[in-house]
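Ligands are counted one by one from 1 in listed order, and the atoms in each one are counted from 1 as well. The basis for the numbers below is simple: all heavy atoms, side chains too, and nothing from hydrogens, waters or symmetry mates. All values reported here derive from a predicted model rather than from experimental measurement.
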Amino acid sequence: MKASEVLGDLKRRFPNEPEYHQAVSEVLSTIEDAYNEHPEFEKSNLIERLCIPDRIFTFRVSWMDDKGRIQTNMGYRIQHNNAIGPYKGGVRFHSSVNLSILKFLAFEQTFKNSLTTLPMGGAKGGSDFNPRGKSNAEVMRFCQAFMLELWRYVGPDTDVPAGDIGVGGREVAYMYGMYKKLARENTGTFTGKGIEFGGSLIRPEATGYGNVYFLLEMLKTKDIDLKDKVVAVSGSGNVAQYTVDKLIDLGAKVVTMSDSDGYIYDPDGIDREKWNYIMELKNLYRGRIREYAEQYGVKYVAGARPWSEKCDIAMPSATQNEISGEEAAKLVANGCFAVSEGANMPSTPEAIKIFQDSKILYAPGKASNAGGVSVSGLEMTQNAQKLSWTSEEVDAKLKSIMQNIHEQCLKYGTLSDGYVNYVKGANVAGFMKVAKAMMAQGIL
Ligand code: NDP
Ligand code: 2IT
């Protein structure tokens, strides 16, 4: 099948999966030239095999809440592609989780993991369980019930899950504990584990730090210094928190953070003391970002996203499709000159077009947020060697991986007028490696 025909065919066979279609469409629109240079790809129907996941597990998860009622959620694991290494990717717990969202995430993960230079295939899993407002005991019972099914499909050399939205250190620990009990082995099948039982230093920080390292590389191409630049960040979870942490360290001024209820705008910038407050608020009390505005007497806007605020740089770090075309136009009109994505697919296709037409620096998540899964890969290596590296060692490796991803983007994404299309660069570089591995291994 021709690359141009694949999307239409997928839409016909898998209707009602808009996020999956969106992610596939973005990749196919940028790899055409690279694909056409290799007629052998079409002969082996490579694109269709690369777009459709290897397999999908769907299961029921029943668990008892604190009132003694039995609740039922759906559980999923999508093993997308393992041409370059074991299936690898996070687990998302959010009420919106469905097959379309997980299929887009597993598809994107395959290219992202390829870019990291580490041997990891692509996967994603999750549940429509909503951890918000649940007690610790309920979260534990849910995680254990989820693993009663998932444990059969994962393992250190087959499929290694990790965190994503709604799944942090607490949830990974509960899932990993149950996995070990059922599988009767202790080989680290999960990344993002606690430091006491095989976790890697810098894994919690890795996505946010990695995104800032990638941003620094982009700014370097324009001779721009990050110091004193005004940054709008969305989200206030794991990725947003450590993005802000690194930005504060480097002297940037972060003026916004958000959650699904609204955003805060702090014109003085979030400093170290305020960041410590956010860490406690979000990770200990599991409160809302609105409370920051009450604590520091700054503006809170309910039911809105931060993109109408004036900034130099935007780092969307909450969820998919959180920047519309209109919001992108507003950002550019307000002078924003760089967008580096912490979340997966946070910019709509309309927003991406506006960023690229305006020739601003724009990095897609599969390049700029790859630091998280990269340190997951380093956690797997440490587990396999049964040793652990220092923070400095891991951080240095993370930095060099992000620099390498940036170089790959320049190599494959620099256009004839000198503008770097990071979407094209990331997609072509990620695609070529997976494609070559698939070709070498025959029709599977
Ligand atoms: P967390 O659950 O820690 O935080 C998610 C944040 O985004 C919260 O502030 C949450 O607000 C907000 N959010 C979630 N869903 C929505 C929504 N539908 N609308 C508005 N706000 C929303 O997740 P992470 O920080 O880990 O993940 C954030 C993004 O980064 C995701 O796109 C994820 O896929 C991506 N990512 C994560 C990596 C990781 O290692 N964790 C690695 C690479 C990418 P609320 O509390 O109100 O729900
Ligand atoms: O989207 C992502 O890259 C993640 N949620 C991290 C995956 C991982 O395996 O660490």
Side-chain angles (χ1 to χ4, degrees), residues 19 85-97 101-102 104-113 115-116 118 120-126 130-133 154 159-172 189-193 199-200 202-211 214 233-244 257-264 278 281-283 286-290 292 303-306 315-323 341-347 364-380:
E19 292 87 358
Y87 299 106
K88 178 82 194 90
V91 171
R92 176 177 291 194
F93 292 165
H94 193 269
S95 45
S96 64
V97 162
I101 289 178
L102 294 181
F104 115 65
L105 288 163
F107 175 80
E108 290 254 302
Q109 196 80 46
T110 302
F111 297 91
K112 184 195 305 190
N113 292 3
L115 283 172
T116 65
L118 303 173
M120 298 182 289
K124 203 82 187 191
N130 180 7
R132 193 160 151 192
V154 298
D159 183 352
V160 182
D164 193 75
I165 291 178
V167 177
R170 175 181 64 168
E171 291 76 16
V172 165
T189 304
F190 256 96
T191 58
K193 300 183 292 296
S200 174
I202 307 291
R203 177 62 189 86
E205 294 87 347
T207 314
Y209 282 16
N211 190 14
F214 195 91
V233 173
S234 65
S236 49
N238 171 269
V239 177
Q241 289 164 14
Y242 288 103
T243 300
V244 174
M257 285 182 88
S258 69
D259 57 27
S260 51
D261 296 335
Y263 76 89
I264 56 113
I278 292 167
L281 173 72
K282 283 289 166 183
N283 304 332
R286 298 184 188 267
R288 310 304 299 159
I289 201 69
R290 174 181 33 81
Y292 177 101
R305 301 185 286 225
M315 301 183 83
S317 308
T319 192
Q320 65 276 354
N321 291 328
E322 57 164 319
I323 306 183
E341 297 182 342
N344 287 306
M345 207 167 77
S347 305
K366 64 169 80 71
S368 47
N369 75 30
V373 74
S374 298
V375 174
S376 278
L378 301 178
E379 182 170 329
M380 289 164 70

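- In terms of polar-atom proximity, V239 is counted as a contact of ligand 1, with an N or O under 3.5 Å from an N or O of the ligand.
- Taking every heavy atom of A343 and a limit of under 4.0 angstrom, the matching atoms of ligand 1 come to 29 (C), 30 (O), 32 (O), 35 (C).
- Ligand 1 has no nitrogen or oxygen under 3.5 angstrom from a nitrogen or oxygen of V167.
- Within ligand 1, the atoms closer than 4.0 Å to a non-hydrogen atom of G235 are 9 (O), numbered from 1 in the order shown.
- In S317, the part holding a heavy atom less than 4.0 Å from any atom of ligand 1 is the backbone.
- Near K124, meaning under 4.0 Å from any of its heavy atoms, are these atoms of ligand 2: 1 (O), 2 (C), 4 (C), 5 (N).
- Protein heavy atom at the shortest distance from atom 33 (C) of ligand 1 is D164 OD1, 3.2 Å.
- Ligand 2 places these atoms under 4.0 Å from at least one heavy atom of S376: 8 (C), 9 (O), 10 (O).
- Annotation: atom 12 (C) of ligand 1 to nearest protein heavy atom, A318 CB, 3.9 Å.
- Of all the atoms in ligand 1, the ones that sit under 4.0 Å from a non-hydrogen atom of R92 are 31 (C), 32 (O), 33 (C), 34 (O).
- Of all the heavy atoms of Q241, none lies under 4.0 Å from any atom of ligand 1, so neither backbone nor side chain is involved.
- Residue contacts with ligand 2: D164 is placed with a nitrogen or oxygen under 3.5 Å of a nitrogen or oxygen of the ligand (distance criterion only).
- Among all non-hydrogen protein atoms, the one lying nearest atom 16 (C) of ligand 1 is T319 CG2, 3.6 Å.
- For the atom pair CE of M120 and CE of M380, the computed distance is 7.0 Å after rounding to the nearest 0.5 Å.
- Remark: ligand 1 and S260 share an N or O pair separated by less than 3.5 Å (distance only, no angle test).
- Under the 3.5 Å distance criterion, the side-chain polar atoms of E171 are matched with a main-chain donor or acceptor of G168.
- In terms of modelled atom types and a separation under 3.5 Å, the side chain of S368 and the main chain of E341 share a donor-acceptor contact.
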Worked verdict on R288 versus D259 for salt bridge (charged side-chain N to carboxylate O under 4.0 Å, His left out): CA-CA 7 Å; R288 310 304 299 159; D259 57 27; 3.4 Å; yes
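- Under the 3.5 Å distance criterion, the side-chain polar atoms of Q320 are left unmatched by any main-chain donor or acceptor of N344.
- With values rounded to the nearest 0.5 angstrom, R132 atom CZ is found 8.0 Å from H94 atom NE2.
- When side chains are defined from C-beta on, V373 counts as touching K112, because their heavy atoms get closer than 4.5 Å.
- By heavy-atom distance, the residue among R203, M120, K88 lying nearest atom 6 (C) of ligand 2 is R203.
- K193 and S200 share no side-chain donor-acceptor pair at under 3.5 Å.
- Atoms of ligand 1 lying under 4.0 Å from any heavy atom of H94, numbered from 1 in the order shown and given with element: 15 (N).
- Of the listed residues (S234, G163, G166, G237), the one carrying the non-hydrogen atom nearest atom 4 (O) of ligand 1 is G237.
- When the heavy atoms of R288, M345, Q320 are ranked by distance to atom 46 (O) of ligand 1, first place goes to R288.
- Considering backbone and side-chain N/O of V160, none are found under 3.5 Å from N/O of ligand 2.
- The shortest non-hydrogen separation linking R203 to V375 is CA-CG1, 3.7 Å.
- Put simply, the side chain of K282 gets close to the backbone of G287: a donor and an acceptor are under 3.5 Å apart.
- At a distance under 4.0 Å, a protein heavy atom can be found next to atom 42 (C) of ligand 1.
- Numbered from 1 in the order shown, with element, the atoms of ligand 1 that lie under 4.0 Å from a heavy atom of G342 read 30 (O), 35 (C), 36 (N), 44 (C).
- Within the structure, ligand 1 has S258 among the residues with a heavy atom less than 4.0 angstrom away.
- With ligand atoms numbered from 1 in the order given, ligand 2 contributes 9 (O) to contacts under 4.0 Å with heavy atoms of G89.
- Every atom of ligand 1 with a heavy atom of S236 under 4.0 Å away is listed here by number and element: 9 (O).
- Polar contact check, D259 against ligand 1: no nitrogen or oxygen pair lies under 3.5 Å apart.
- Under a 4.0 Å criterion applied to the non-hydrogen atoms of K112, ligand 2 contributes the atoms 1 (O), 2 (C), 3 (O).
- Scanning the protein for heavy atoms near atom 3 (O) of ligand 1, the closest one is N238 N, 2.9 Å.
- A distance-only check finds no donor-acceptor pair linking the side chain of D164 to the backbone of V91 [under 3.5 Å].
- Contacts with ligand 2 closer than 4.0 Å are made by no heavy atom of V375, backbone or side chain.
- Below 4.0 Å from some heavy atom of A162 lie the following atoms of ligand 2, by number and element: 8 (C), 9 (O), 10 (O).
- Contacts between T207 and ligand 1, counted as non-hydrogen atom pairs separated by less than 4.0 Å, involve the side chain only.
- In this structure, S234 and Y263 have side chains that are not in contact, with every pair of non-hydrogen atoms separated by 4.5 Å or more.
- Side chain of S258 to backbone of G235: a donor-acceptor contact under 3.5 angstrom is found.
- How far OG of S317 is from CG of N238: 10.0 Å, rounded to the nearest 0.5 Å.
- Protein heavy atom closest to atom 14 (C) of ligand 1, with residue, atom name and distance, is I165 CD1, 4.1 Å.
- In M380, neither the side chain nor the backbone holds a heavy atom less than 4.0 Å from any atom of ligand 2.
- E379 contributes a side-chain N or O that, together with a main-chain N or O of G192, makes up a donor-acceptor pair within less than 3.5 Å.
- Heavy atoms of G163 come nearer than 4.0 angstrom to ligand 2 in at least one pair.
- The shortest N/O to N/O separation between N369 and ligand 1 does not fall below 3.5 Å.
- The closest approach between a heavy atom of R203 and any atom of ligand 1 is below 4.0 Å.
- Here the protein heavy atom with the shortest distance to atom 7 (C) of ligand 2 is G90 N, 3.6 Å.
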